[in-house]
Structure formats: C-alpha cells, structure tokens
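Here the structure is laid out as structure tokens; the discussion comes afterwards.
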Amino acid sequence: MSATENATLTHEDAAQRLDKLWQRIRTAETAAGRATDCVNLLAVSKTFPVEAVDAVAACGQRAFGENYAQEGVDKASARPTLEWHFIGPIQSNKTRGIAEHFSWVHTIDRLKIAERLSAQRPTHLPPLQVCVQVNVSGEASKSGCAPEQVLELCQAIAQHPRLQLRGLMAIPEPTTDVSKQHQQFAALRELQTQINQHGFALDTLSMGMSDDLEAAIGEGATLVRVGSAIFGNRTYPESHGVTL
Ligand SMILES: *Cc1c(COP(=O)(O)O)cnc(C)c1O
C-alpha cells in the first residue's frame, strides 16, 4: 500500500475543507473570548502525497506537519519553500534529516534528542523551533515527558543555541468526553504558566486535532494540528508499522 492510495485531493475540496475548518477555529476563538487570529493552523499531511500538499498550499496554507522521519524529509525536500513541522516520535538515529529539513520539532521528550538536533542543525539555517512534548494523560504507553520533568528539560534545551524553545505540545488521551478534553488541555496550559514563572517566555501551545480543536482553543491553544479534517481519512501504509 502506498501513500498515493489515500484519495487525491482536488483544489476545490481543499478550499472547501479549509474554509470550514477556519470557521470552526474562528468560532472557537470567539467562544473562548480570545482574539481573532490568535490560533495558527498546522496542516498534518502524513500519509498523503505531495500533490495533496500542493492542493492545500495553493489555498494559502504554509505550515505542514509530518510524523514519520523519512516520509517527512522526502516531502520537505520536494517542497522546501513551505514550513515543515515534525510532530512524530523521534528515534535518535533519525535526528539528522529532521534537523536539516524541518523548521519546527514539536516532539522533544528527552535531552538526548535535543542534543542531537542541536548538534546537527546546519549553521546556515535559523535555530530549530522546538516544543517539549508532555504526557498530560499519564498513559504509560504514550510518548512525552512527565509533567514534573518538563522544567528540567526546558532548562537543558535553553543551553543549546541551535534550538529555540517555543512551547509545549500534547496529544491527550482520545476521548469524546468534552470536559475530560478540557481538563487535559488545561493541564498543558497550566504547565506553560509554571514554566514561564521560571523565567521562560514560551509562546506556543501545540494542542488540538480534528476532533478536539474546540476544547484546545478554549484552553489556550496557539497552534492546532489538523489532518483528516483537511486531507480526509488516512490509510496507513504497512511499511510505517504503526497505527496512530
Ligand atoms: C495525525 C496527527 C494529527 C492530526 O490528527 P487528525 O485527527 O487527523 O486531525 C495531529 N497531531 C499529531 C501528533 C498527529 O500524529
């Protein structure tokens, strides 16, 4: 199975879906009493071919998110003028490609990965913009740094000039219980406030996906990561060996 088996996206479909999505975002901003335009959109293109990225980019979307190192490096190399964000789990032998081809990494959860990304970030590029991924739901199987270790990791990242620490990211336990969604997103926001009380100026909360972006925006998300609501449903290529 190849990524191209995910249905091709026409420019019209892309425009319509982005329109609907921005309406959802604006409505959520207003409902939360937040300024219009305070939330940015990351279009998560994992498993979709570069042609689908083109259809979405043609509608004015600049920032794209990828989960798998090789697939992400391939797409970012093919479309270097777009802004690429890495949002997947990071194995230490995959950091070089990420450091060389991405502008942002949302999923730093341990110092070793931060050190490698910093050492491998090419000097002709601006510092890599990074977020610390936090395990807000406490699920043992989830990646992400434990909340009580976030401050120490932020302090260590701050020592690396090739990394610019921007904020926190979470993938909460999926739930249709809206109050539970709020609770988990609020936990990330509270952690950001705590970290900033220690002299940091984190300005990014990367949280909220297709099914829970309203709750995330209600709790202060500055960047929502949306895949299926833009690109459609994903079929996972066997070779990734994972289901998300
Ligand atoms: C796939 C993915 C998304 C997008 O999920 P959708 O439900 O398709 O919007 C967002 N964040 C991460 C980390 C992902 O892996």
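When a ligand or atom number is given, it counts from 1 through the structure's own listing order.
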TODO: Identify, by atom number and element, the atoms of ligand 1 in contact range of Gly227, meaning under 4.0 Å from any of its heavy atoms.
DONE: 4 (C), 6 (P), 8 (O), 9 (O)
Open item on the list: For the backbone of Val53 and the side chain of Ser45, can you confirm whether one donor and one acceptor N or O come within less than 3.5 Å of each other?
Closed with: no
TODO: Measure from atom 3 (C) of ligand 1 to every heavy atom in Met209, Met207, His85, Glu66 and give the option owning the shortest one.
DONE: Met209
Task: Distance in Å, Leu128 CG paired with His160 NE2, rounded so as to fall on 0.5 Å steps - done: 12.5 Å
Open item on the list: Could you tell me, atom by atom, which parts of ligand 1 come under 4.0 Å of a heavy atom of Asn67?
Closed with: 14 (C), 15 (O)
TODO: Give, for atom CD1 of Ile171 and atom CE of Met207, the distance between the pair rounded to the nearest 0.5 Å.
DONE: 13.5 Å
TODO: For ligand 1, indicate whether the residue His106 contacts it via side chain, backbone, both or neither (heavy-atom separation under 4.0 Å).
DONE: neither
- [ ] Just jot down the ligand 1 atoms closer than 4.0 angstrom to any heavy atom of Lys46, in number order.
- [x] 1 (C), 2 (C), 3 (C), 14 (C), 15 (O)
Open item on the list: Please classify the Thr107 to ligand 1 contact at 4.0 Å (heavy-atom distances, strictly less than): side chain, backbone, both or neither.
Closed with: neither
Open item on the list: Using a 4.0 Å cutoff against the non-hydrogen atoms of Ile171, which atoms of ligand 1 qualify?
Closed with: 13 (C)
Task: Backbone of Ala31 reached by a side-chain donor or acceptor of Glu29 within 3.5 Å - done: no
Task: Gln164 atom CD, neighbour heavy-atom count above 12 within 6.0 Å - done: yes
Open item on the list: Against ligand 1, does Arg234 come closer than 4.0 Å with any heavy atom?
Closed with: yes
- [ ] Can you sort out which atoms of ligand 1 are near Arg225, meaning under 4.0 Å from one of its heavy atoms?
- [x] 4 (C), 9 (O), 10 (C), 11 (N), 12 (C), 13 (C)
Open item on the list: A side-chain contact here means heavy atoms from C-beta on lying under 4.5 Å apart; do Glu66 and His85 qualify?
Closed with: no
Open item on the list: Below 3.5 Å, N or O to N or O, backbone or side chain included: is there any such pair between Asp211 and ligand 1?
Closed with: no
Open item on the list: So if I count the atoms of ligand 1 from 1 in the order they appear, which ones are less than 4.0 Å from some heavy atom of Val226?
Closed with: 9 (O)
Open item on the list: Between Gln120 and Arg96 (side chain of the first, backbone of the second, donor and acceptor by atom type, cut-off under 3.5 Å), is there such a pair?
Closed with: yes
- [ ] Identify the two heavy atoms, one from Thr81 and one from Arg62, that lie closest to each other, and give their separation to 0.1 Å.
- [x] O-NH2, 3.8 Å
Task: Part of Ile87 within contact of ligand 1 (heavy atoms, under 4.0 Å) - done: both
